[in-house]
Asks: 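What follows is a single structure, and I will ask about it in a moment.
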Amino acid sequence: QAVMAVFKHHRSALKGRTSSSRLRRREAVILYSGARGLQDSGQHRQAWRHFFKAVQRYPWVPRFYAAIVLNALGRRP
């Protein structure tokens with residue numbers, strides 16, 4: 001959550017100066033990282049929300065889908 005707070009702070013300062021696609025990808029990677037942290041601690045159910053938000057923000061990252069499949073199996077990539 002701390003990383004996301006810093007990202008949102010800086011995103012507001014960068015409006016119009018950088019590509020919105022780059023910002024969406026960065027936000028998706030942050031969400032994905034949070035989901036991976038939840039996976040590491042065995043909280044697979046809580047990780048779902050972060051994985052799906054990551055895919056919604058930027059669906060063109062194959063590792064997101066691999067992590068979702070492994071989360072369904074109860075494993076960590």
Asks: By the side chain to side chain donor-acceptor pair (under 3.5 Å) test, which pairs, at least two apart or in different chains, include something from residues 47-56?
Replies: none

Asks: Starting at CG of Asn71, measure out to CZ of Phe64 and round the result to the nearest 0.5 Å.
Replies: 14.0 Å

Asks: Can you list everything that forms a side chain to side chain donor-acceptor pair (under 3.5 Å) with Ser41? Sequence neighbours excluded, please.
Replies: Gln43

Asks: Keeping to residues at least two apart or across chains, list the salt bridge (charged side-chain N to carboxylate O under 4.0 Å, His left out) pairs with something in residues 19-34.
Replies: Arg11-Glu27, Glu27-Arg57

Asks: Within this structure, what is the CZ-CD distance for the pair Arg45 and Gln39, rounded to the nearest 0.5 Å?
Replies: 14.5 Å

Asks: Check for me, please, whether Tyr65 and Val61 land in the same ILVMFWY cluster - side-chain distances under 4.5 Å, paths through other members count.
Replies: yes

Asks: Starting at CZ of Phe51, measure out to CG of Leu38 and round the result to the nearest 0.5 Å.
Replies: 8.5 Å

Asks: Look at the side-chain heavy atoms of Ile, Leu, Val, Met, Phe, Trp and Tyr, link any pair under 4.5 Å apart, and say whether Leu31 and Val3 land in one connected group.
Replies: yes

Asks: When rounded to the nearest 0.5 angstrom, what is the spacing between OH in Tyr58 and OH in Tyr32?
Replies: 15.5 Å

Asks: Measure the CD1-CZ distance between Ile68 and Arg63 for me, rounded to the nearest 0.5 Å.
Replies: 12.5 Å

Asks: Can you name the closest pair of heavy atoms from Phe7 and Leu23 and give their distance?
Replies: CZ-O, 3.4 Å

